[in-house]
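Below is one structure, written out as structure tokens; the observations come after it.
All residue numbers in this chain count up from 1 along the given sequence. For clarity, every value in this text was computed on a predicted model and none was experimentally measured. Counting starts at 1 for both ligands and their atoms, in listed order.
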Amino acid sequence: MTQAAPAHKRILLKLSGEALMGDDSFGINRATIERMVEEIATVTRVGVQVAVVIGGGNIFRGVAGGSVGMDRATADYMGMLATVMNALALADAMDKQGLTARVMSAIAIEQVVEPYVRPKALQYLEEGKVVVFAAGTGNPFFTTDTAAALRGAEIGAEVVLKATKVDGVYTADPFKDADATRYTQLSFDEAISRNLGIMDATAFALCRDQKLPVRVFSIVKHGALLRVVMGEDEGTLVYA
Ligand SMILES: Nc1ncnc2c1ncn2[C@@H]1O[C@H](COP(=O)(O)OP(=O)(O)O)[C@@H](O)[C@H]1O
Ligand SMILES: O=c1ccn([C@@H]2O[C@H](COP(=O)(O)OP(=O)(O)O)[C@@H](O)[C@H]2O)c(=O)[nH]1
């Protein structure tokens with residue numbers, strides 16, 4: 001039996017920090033991270049090169065309650081360090097499941113992880129290793145969604161896959177508005193002008209300018225990542 005070819009050769013997967021929490025209220029849930037790694041492993045097995053940008057919102061967010069009264073830039077650096085912790089946990093879980101993972105950080109912390117060097121990242125991807133980008137863009141006032149757009153463009157990913165708790169982009173935040181309906185697809189301009197809070201405008205604008213499509217899909221739904229990679233209709237496509 002011949003297996004269908006994947007729709008993408010190289011993807012940039014954005015995992016929100018909160019996705020690692022599972023049903024916990026904070027931190028990293030082991031079972032959840034292992035399940036995510038299994039899903040990533042299935043797409044590497046069909047020959048897709050995978051790079052991951054991991055968030056930090058499960059540990060610290062520059063704009064959240066824990067940072068009240070703090071200098072914003074300092075809080076953001078703490079948020080970026082939180083993503084490094086998540087990246088280490090994710091890479092560890094990958095190694096345990098037989099994948100070879102390499103963490104690359106946008107902030108130099110050499111004793112902990114190697115720094116981000118673009119040609120090195122490309123080399124790892126060609127070798128079939130999973131590259132986990134940590135520390136966001138390395139700059140305060142940005143988000144890991146923007147880091148996903150940036151790294152996605154830099155490594156020539158064909159698509160940014162934003163794995164999140166909701167199964168696509170809705171007309172309004174579905175957690176707040178029960179009448180919200182899901183888009184199958186929409187343009188970046190529509191997403192920006194309608195102020196759909198699923199990704200920040202900086203990330204959307206970068207993807208739009210680089211003509212890098214984004215697909216938003218559910219990380220909770222089993223097998224969704226593989227279906228996305230195989231080109232099946234899943235989540236919402238945001239296109240240039
Ligand atoms: N128009 C929208 N469509 C879908 N989700 C939305 C929308 N507006 C806001 N959201 C929220 O965005 C979240 C997804 O973004 P994500 O980056 O994963 O979460 P967070 O920013 O909380 O870490 C969803 O959980 C949802 O509550
Ligand atoms: O380029 C970046 C990426 C992240 N952050 C900080 O790191 C936190 C965690 O990232 P994010 O909120 O994007 O994580 P996620 O929502 O994906 O869990 C953010 O709140 C910011 O404080 C930052 O300052 N610059």
Side-chain angles (χ1 to χ4, degrees), residues 12-22 24-29 32-33 36 52-68 70-87 89-90 104-107 116 132-152 154 160-186 188 190-204 206 214-221 235-238:
L12 189 298
L13 175 66
K14 162 70 208 303
L15 291 177
S16 81
E18 284 189 21
L20 299 186
M21 291 195 308
D24 298 348
S25 57
F26 176 82
I28 300 164
N29 178 282
T32 304
I33 206 170
M36 277 179 199
V52 181
V53 167
I54 182 84
N58 55 322
I59 301 173
F60 196 85
R61 218 186 269 276
V63 290
S67 63
V68 170
M70 281 185 70
D71 180 69
R72 168 71 193 270
T74 305
D76 279 343
Y77 280 113
M78 289 174 68
M80 286 184 259
L81 293 177
T83 74
V84 177
M85 288 197 245
N86 282 335
L90 187 64
M104 302 189 116
S105 173
I107 292 176
Y116 169 65
V132 181
F133 294 121
T137 64
N139 300 291
F141 309 108
F142 287 94
T143 64
T144 52
D145 281 348
T146 300
L150 176 67
R151 295 290 184 249
E154 282 188 86
V160 169
L161 302 179
K162 180 174 161 89
T164 182
K165 288 170 292 183
V166 290
D167 62 352
V169 183
Y170 281 74
T171 48
D173 187 343
F175 285 119
K176 295 179 184 153
D177 183 349
D179 295 329
T181 54
R182 182 166 60 87
Y183 294 98
T184 310
Q185 57 175 46
L186 79 164
F188 286 114
E190 283 173 295
I192 294 167
S193 66
R194 290 184 196 166
N195 216 3
L196 301 171
I198 185 81
M199 250 172 129
D200 57 272
T202 312
F204 271 145
L206 187 51
V214 176
R215 188 172 282 277
V216 179
F217 72 103
S218 168
I219 192 63
V220 186
K221 204 166 154 189
T236 300
L237 179 71
V238 194

Can you tell me which residue and heavy atom of the protein come closest to [atom], and the distance to 0.1 Å?
{"atom": "atom 3 (C) of ligand 2", "answer": "Thr143 C, 3.4 Å"}
{"atom": "atom 23 (C) of ligand 2", "answer": "Phe142 O, 3.1 Å"}
{"atom": "atom 17 (O) of ligand 1", "answer": "Lys162 NZ, 2.7 Å"}
{"atom": "atom 26 (C) of ligand 1", "answer": "Asp173 OD1, 3.3 Å"}
{"atom": "atom 3 (N) of ligand 1", "answer": "Tyr170 N, 2.8 Å"}
{"atom": "atom 16 (O) of ligand 2", "answer": "Arg61 NH1, 2.8 Å"}
{"atom": "atom 23 (O) of ligand 1", "answer": "Arg61 NH2, 3.1 Å"}
{"atom": "atom 8 (C) of ligand 2", "answer": "Gly79 CA, 3.6 Å"}
{"atom": "atom 6 (C) of ligand 2", "answer": "Asp76 O, 3.4 Å"}
{"atom": "atom 5 (N) of ligand 1", "answer": "Ile198 CD1, 3.3 Å"}
{"atom": "atom 11 (P) of ligand 2", "answer": "Thr144 OG1, 3.4 Å"}
{"atom": "atom 14 (C) of ligand 1", "answer": "Thr164 OG1, 3.1 Å"}

Under 4.5 Å between any side-chain heavy atoms of [X] and [Y], yes or no?
{"X": "Thr143", "Y": "Thr202", "result": "no"}
{"X": "Met36", "Y": "Ile219", "result": "yes"}
{"X": "Asp76", "Y": "Phe141", "result": "yes"}
{"X": "Leu81", "Y": "Thr83", "result": "no"}
{"X": "Leu20", "Y": "Ile54", "result": "yes"}
{"X": "Val238", "Y": "Arg215", "result": "no"}
{"X": "Leu12", "Y": "Phe133", "result": "yes"}

Can you tell me how far the [atom1] atom of [X] sits from the [atom2] atom of [Y], to the nearest 0.5 Å?
{"X": "Lys165", "Y": "Glu18", "atom1": "NZ", "atom2": "CD", "result": "3.5 Å"}
{"X": "Met78", "Y": "Asp71", "atom1": "CE", "atom2": "CG", "result": "11.5 Å"}
{"X": "Leu15", "Y": "Thr32", "atom1": "CG", "atom2": "OG1", "result": "11.5 Å"}
{"X": "Phe204", "Y": "Thr146", "atom1": "CZ", "atom2": "OG1", "result": "10.5 Å"}
{"X": "Met199", "Y": "Asp145", "atom1": "CE", "atom2": "CG", "result": "4.5 Å"}
{"X": "Leu237", "Y": "Thr184", "atom1": "CG", "atom2": "OG1", "result": "10.0 Å"}

- List the atom of Ser67, the atom of Gly62, and the distance in Å for their closest heavy-atom pair.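 Taking every non-hydrogen atom into account, OG-O, 2.7 Å.
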- Task: Please report the closest heavy-atom contact between Ala148 and Val160, naming both atoms and the distance.
- Result: O-CG2, 3.9 Å
- Query: Is it the side chain (CB and beyond), the backbone, both or neither of Ser16 that lies under 4.0 Å from ligand 2, heavy atoms counted?
  - Reply: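 It is both backbone and side chain that touch ligand 2.
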With atoms numbered from 1 as shown, which atoms in ligand 2 lie under 4.0 angstrom from a non-hydrogen atom of [X]?
{"X": "Gly57", "value": "14 (O), 15 (P), 18 (O)"}
{"X": "Pro140", "value": "24 (O)"}
{"X": "Gly55", "value": "14 (O), 15 (P), 17 (O), 18 (O)"}
{"X": "Thr137", "value": "1 (O), 2 (C)"}

- Message: Could you check whether Arg72 makes a cation-pi contact with Tyr77, meaning its NZ or CZ is under 6.0 Å from the centre of the six-membered ring and within 45° of the ring axis?
- Response: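 Negative - Arg72 is either too far from the ring of Tyr77 or too far off its axis.
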Below 3.5 angstrom, do we get any N/O pair linking [X] and ligand 2?
{"X": "Ala135", "result": "no"}
{"X": "Gly56", "result": "yes"}
{"X": "Asn58", "result": "no"}
{"X": "Thr83", "result": "no"}
{"X": "Gly17", "result": "yes"}
{"X": "Gly62", "result": "yes"}

- Message: Assess the residue pair Ile28 and Asn86 against the criterion (side-chain contact (heavy atoms from CB on, under 4.5 Å)); give the C-alpha distance rounded to whole Å, side-chain angles, the decisive distance to 0.1 Å, and a yes or no.
- Response: CA-CA 8 Å; Ile28 300 164; Asn86 282 335; 3.4 Å; yes
Atom indices of ligand 1 within 4.0 angstrom of [X] heavy atoms, with elements:
{"X": "Lys165", "value": "25 (O)"}
{"X": "Gly197", "value": "8 (N), 9 (C)"}
{"X": "Glu18", "value": "22 (O)"}
{"X": "Ser16", "value": "18 (O)"}
{"X": "Phe175", "value": "25 (O), 26 (C), 27 (O)"}

Is the closest heavy-atom distance from [X] to ligand 2 below 4.0 Å?
{"X": "Lys14", "answer": "yes"}
{"X": "Ala82", "answer": "no"}
{"X": "Phe60", "answer": "yes"}
{"X": "Asn139", "answer": "yes"}

- Message: Assess, by modelled atom type and distance only, whether the side chains of Lys14 and Thr144 contain a donor and an acceptor separated by less than 3.5 Å.
- Response: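 Distance-only check passes for Lys14 and Thr144.
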- Item | Exercise: do Arg194 and Tyr183 side chains pair donor with acceptor under 3.5 Å | yes
For [X], is the nearest heavy atom under 4.0 Å from an atom of ligand 1?
{"X": "Met199", "value": "no"}
{"X": "Pro174", "value": "yes"}
{"X": "Gly168", "value": "yes"}
{"X": "Ala172", "value": "yes"}

- Task: Step by step, work out the side-chain contact (heavy atoms from CB on, under 4.5 Å) result for Leu150 and Phe142.
- Result: CA-CA 11 Å; Leu150 176 67; Phe142 287 94; over 6 Å; no
Under-4.0 Å heavy-atom contact with ligand 1, by part of [X] that carries it:
{"X": "Val166", "value": "side chain"}
{"X": "Arg194", "value": "neither"}
{"X": "Lys176", "value": "neither"}

- Is the shortest side-chain N to carboxylate O distance from Asp167 to Lys221 below 4.0 Å? no
